[in-house]
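Here's the structure, in structure tokens; my notes come after.
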Amino acid sequence: MNAANLVKMANQIADFFSTMPDHEQAVADLAAHLKRFWEPRMRRALLAHIDQTRGEGLSPMVMEAVDRHAGILHA
């Protein structure tokens, strides 16, 4: 799985959710979207990218979603 593509896709999803008026709900919905629609190997690759690069290239919202909802993303 290409990390650059995952970063791009995650940031695009975050851009969509960032338009929601409730930031906390938007972060939760972003994490839920990644859990629901990304294959486990995609989530693992994104988490590995974060571990290896401290989230290089990822938007703050993606990082917040991963930090706050890591439990559902690791599953």
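Legend: salt bridge (Lys or Arg N to Asp or Glu O under 4.0 Å) pairs involving residues 54-73, not counting sequence neighbours, sorted by first then second residue: E24-R68, E64-R68.
Scanning all heavy atoms of the two residues, the minimum distance from N11 to S59 falls at OD1-N, 2.7 Å. The two atoms that bring A3 and H49 nearest to each other are CB-ND1, 3.9 Å, heavy atoms only. Residue M61 comes nearest to V27 through the heavy atom pair CE-N, 3.9 Å, listed as atom of the first residue, atom of the second, then distance. Counting all heavy atoms, side chain and backbone alike, L30 lies closest to A65 at CD2-CB, 3.7 Å. Summarising the geometry of H69 relative to A31, their closest heavy-atom pair is CB-CB, 3.5 Å, with the distance given to 0.1 Å.
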Query - Test side chain to side chain contact (heavy atoms under 4.5 Å, CB included) applied to V66 and L58, step by step - result: CA-CA 11 Å; V66 169; L58 287 167; over 6 Å; no
**Report entry** Criterion side chain to side chain contact (heavy atoms under 4.5 Å, CB included) on L34 and L46, from CA distance to verdict
**Finding:** CA-CA 10 Å; L34 295 176; L46 180 67; 4.3 Å; yes
Query - Verdict with supporting geometry, F16 and H33, side chain to side chain contact (heavy atoms under 4.5 Å, CB included) - result: CA-CA 11 Å; F16 171 80; H33 179 92; over 6 Å; no
Query raised in the report: Under the side chain to side chain contact (heavy atoms under 4.5 Å, CB included) criterion, do W38 and L6 qualify, and how do the steps go?
Result: CA-CA 10 Å; W38 282 29; L6 293 175; 3.8 Å; yes
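In this structure, the side chain of D29 does not engage the main chain of F17 through any donor-acceptor pair within 3.5 Å. Remark: the backbone N or O of H74 is not paired with any side-chain donor or acceptor of R43 at under 3.5 angstrom.
Inter-residue side-chain proximity for E39 and R44 is flagged as unmet; no heavy-atom pair is nearer than 4.5 Å.
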